[in-house]
**Student:** 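Have a look at this one before I ask anything.
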Amino acid sequence: MTQRVGDIDVAFRAEGAGPAVVFVHGLAEDHTSWRAQQDALTDYRTYAYDLRGHGGTSLGTADGSPEQLRDDLIGFLEAVSGPAICIGFSLGGTVVLGAAAREPDLVRAAVVLGTSTVVGRAAVGFYQERIERVRHGDRVAEAMLSDTTAALRNARTDVGQLTKWRLEAIGSGLGYVNAARAMARLHEQPLTPELTGIRCPVTVIGAEHDTFCPRKAADIILDALPHAEYAEIPDAGHLMNADQPEAVTRTLRQALESTR
């Protein structure tokens, strides 16, 4: 399905019946990263959409800002799902927290996995290097394979297939560049101070072996939101939903049921 939201056509999948839940994927992914959860959580009305320039969603007039990606989610909530529990992974978690702070009446609860609200200089350098590779077509597949391998822990995960899917999700790469620029801006303009505007319940989920978004990133969010809950996915790297999808589904169901 597609829906016009602002200046973009948003591709999404909707499943189930019950309270509304909106899933927001991470960088170099698309809505299919949430397929296992949508197939399992059929007692909720779940929506998983493709971010601007990822998967089947158009790029529009992208400005490389986290605020624009936040507003895309707000527009989706207004046009498609209505007020919902929002679940976001990594980049998607940052989008969810931004929307929860900006429009508290639309985000009933927030669940964020492997999420940062501020990034350091090393992360900025990583994003800038990857942006240049994608813009110039410089061994993009090699870089994606390296990044995917480093973000996994479970030896049973098919790294090659996962890398292929991630490359397909970014297509031309323009959406990847846009989103990477948005994440890099969190160095100079952290989202952390805005978290005080969040009124809904928040659950922060980390992965035991996440080197891209370690426990320190979760602690920054938890310090800003002292009533937030924390859960951890064992034996998983940053791409926890690829490493341990069943554990992620169980943990998400627990978080969802706590909001009923």
**Student:** Are any of the side-chain nitrogens in E257 or R253 under 4.0 Å away from the carboxylate oxygens of its partner?
**Tutor:**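 Counted as a salt bridge, because a side-chain N and a carboxylate O are separated by less than 4.0 Å.
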
**Student:** Provide the full list of salt bridge (Lys or Arg N to Asp or Glu O under 4.0 Å) pairs with a residue in residues 86-108, sequence neighbours left out, each pair given once.
**Tutor:**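 Pairs touching residues 86-108 that pass the test: D105-R199.
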
**Student:** Using the test side chain to side chain donor-acceptor pair (under 3.5 Å), find all partners of Q37 that sit at least two apart in sequence or belong to another chain.
**Tutor:**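 With neighbours one apart ignored, the set is N241, T249.
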
**Student:** Side chains of residues 86-97: which donor-acceptor pairs under 3.5 Å do they make with residues two or more places apart or in other chains?
**Tutor:**
residue : atom : partner : partner atom : Å
S90     : OG   : H238    : NE2          : 3.1
T94     : OG1  : S116    : O            : 2.9

**Student:** Are the ring centres of F12 and F76 closer than 6.0 Å?
**Tutor:**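 Yes, close enough.
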
**Student:** Quick check against the 3.5 Å criterion: does D243 have a side-chain atom that pairs as donor or acceptor with the backbone of L152?
**Tutor:**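 No, because the side chain of D243 does not come within donor-acceptor range (under 3.5 Å) of the backbone of L152.
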
**Student:** Taking R185 first and then D63, would you say they form a salt bridge - that is, a charged N and a carboxylate O separated by under 4.0 Å?
**Tutor:**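 Looking at D63 together with R185, the answer is no, because their closest N to O distance does not fall below 4.0 Å.
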
**Student:** Using the side-chain contact (heavy atoms from CB on, under 4.5 Å) rule, pick out the option among V24, I8, T57 that qualifies with D72.
**Tutor:**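 Output: one option passes, namely I8.
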
**Student:** Ignoring hydrogens and geometry, is there a side-chain-to-backbone donor-acceptor pair from Q244 to D235 under 3.5 Å?
**Tutor:**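 Yes; at least one donor-acceptor contact below 3.5 Å.
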
**Student:** Under 4.5 Å side-chain heavy-atom separation, chaining through any Ile, Leu, Val, Met, Phe, Trp or Tyr, what else clusters with L174? Say none if it is isolated.
**Tutor:**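 Taking Ile, Leu, Val, Met, Phe, Trp and Tyr as members, L174 shares its hydrophobic cluster with L59.
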
**Student:** State plainly whether the residues D9 and R4 are in salt-bridge range, i.e. N to O under 4.0 Å.
**Tutor:**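 Yes.
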
**Student:** Specify the closest pair of heavy atoms between A150 and T211, including all atoms of both residues, with the distance to one decimal.
**Tutor:**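 Shortest heavy-atom separation between A150 and T211 comes out as O-OG1, 3.9 Å.
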
**Student:** Do the side-chain N and O atoms of Q38 and T46 include a donor-acceptor pair separated by under 3.5 angstrom?
**Tutor:**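 Yes, a side-chain donor-acceptor pair sits under 3.5 Å.
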
**Student:** Would the distance check show the side chain of E194 and the main-chain N or O of L191 forming a donor-acceptor pair, the cut-off being under 3.5 Å?
**Tutor:**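 Flag not set: sc E194 to bb L191 has no pair under 3.5 Å.
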
**Student:** Regarding S33 and W165, do their side chains bring together a donor and an acceptor under 3.5 Å, going by distance alone?
**Tutor:**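 Short answer, no.
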
**Student:** Begin from the C-alpha positions of R35 and D30 and carry the test salt bridge (charged side-chain N to carboxylate O under 4.0 Å, His left out) through to its verdict.
**Tutor:** CA-CA 10 Å; R35 179 62 61 89; D30 63 20; over 6 Å; no

**Student:** Ring centres of H31 and H25 under 6.0 Å apart?
**Tutor:**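 Centroid separation for H31 and H25: 6.0 Å or greater.
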
**Student:** Quick one: name the residues clustered hydrophobically with I220, using the 4.5 Å side-chain heavy-atom rule over I, L, V, M, F, W, Y, and just say none if it's on its own.
**Tutor:**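 Result for I220 is V118.
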
**Student:** So, does D210 use its side chain to make a donor-acceptor pair with the main chain of G237 at under 3.5 Å?
**Tutor:**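 No; judged by distance alone, with no hydrogens or angles, the pair does not exist.
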
**Student:** Using a 3.5 Å distance criterion without hydrogens, assess whether the side chain of E208 forms a donor-acceptor pair with backbone atoms of I233.
**Tutor:**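 Side chain of E208 to backbone of I233, a donor-acceptor pair under 3.5 Å: no, none is there.
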
**Student:** Taking distance alone, no hydrogens or angles, what donor-acceptor pairs closer than 3.5 Å link side-chain atoms of residues 122-137 to residues at least two apart or in another chain?
**Tutor:**
residue : atom : partner : partner atom : Å
E129    : OE2  : R133    : NE           : 2.6
R130    : NE   : D147    : OD1          : 3.4
R130    : NE   : D147    : OD2          : 2.7
R130    : NH2  : D147    : OD1          : 2.6
E132    : OE1  : H136    : NE2          : 3.1
E132    : OE2  : R135    : NH1          : 3.0
R133    : NH1  : R139    : O            : 3.2

